[in-house]
*Asks:* 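Please find one structure pasted underneath; my questions will follow.
Note that the coordinates shown come from a computational prediction; the quantities given were computed from them, not determined experimentally.
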Amino acid sequence: MSKGAKLVYRPIGLLGGIAAGVVSGAVFKQVWRIIAKEDDAPGALQSEYRMREVVIAAAIQGALFAATKAAIDRAGARGFTKLTGTWPGD
């Protein structure tokens, strides 16, 4: 891919990352409410939660973010390819 196409795709990728953070955060809140029957997930520095609860919450949140980011990145790359005829990752 040409340097020009990479530069054009860069803002799309950045916006995709931001969108992934927003979407995965909202999804995680809903999932955590269902799993734990609590409104907020435990934070690493909240002493009232056990280590296991904090680590499980972080693992679920991380997995959801990674999956959401991959889906959004892939959709952005496919859209970019349809517009330009060039795959942004090559």
*Asks:* Out of curiosity, I60 CD1 to S24 OG, how far, rounded to the nearest 0.5 Å?
*Replies:* 13.0 Å
*Asks:* Quick check: closest heavy atoms across R74 and W87, and the distance to 0.1 Å?
*Replies:* NH1-CZ2, 3.6 Å
*Asks:* Is it true that a side-chain atom of T81 and a backbone atom of T86 form a donor plus acceptor pair closer than 3.5 Å?
*Replies:* yes
*Asks:* Any idea which heavy atoms bring A44 and V54 closest together, and the distance?
*Replies:* CA-CG1, 3.7 Å
*Asks:* Write down the atom of F65, the atom of G17, and the distance for their closest heavy-atom approach.
*Replies:* CE1-O, 4.3 Å
*Asks:* Counting only heavy atoms not in L45, do more than 12 fall under 6.0 Å of its CG?
*Replies:* no
*Asks:* Looking only at heavy atoms, what is the nearest atom pair of E53 and P42, with distance?
*Replies:* O-CG, 3.7 Å
*Asks:* For the backbone of V27 and the side chain of Q30, can you confirm whether one donor and one acceptor N or O come within less than 3.5 Å of each other?
*Replies:* no
*Asks:* One pair to check against side chain to side chain contact (heavy atoms under 4.5 Å, CB included): W32 and K37. What are the steps and the verdict?
*Replies:* CA-CA 7 Å; W32 190 255; K37 310 280 193 274; over 6 Å; no
*Asks:* To the closest 0.5 Å, what do you measure between OH (Y49) and CG (D40)?
*Replies:* 7.0 Å
*Asks:* Hey, what do you get for CD1 (I12) to CG (L15), rounding to the nearest 0.5 Å?
*Replies:* 8.0 Å
*Asks:* Please say whether more than 12 non-hydrogen atoms of neighbouring residues, nucleotides or ligands are located less than 6.0 Å from CZ in R78.
*Replies:* no
*Asks:* Could you grab the distance from atom CD1 of I56 to atom CD1 of I35, nearest 0.5 Å is fine?
*Replies:* 9.0 Å
*Asks:* Does any non-hydrogen side-chain atom of V8 lie less than 4.5 Å from one of F80?
*Replies:* yes
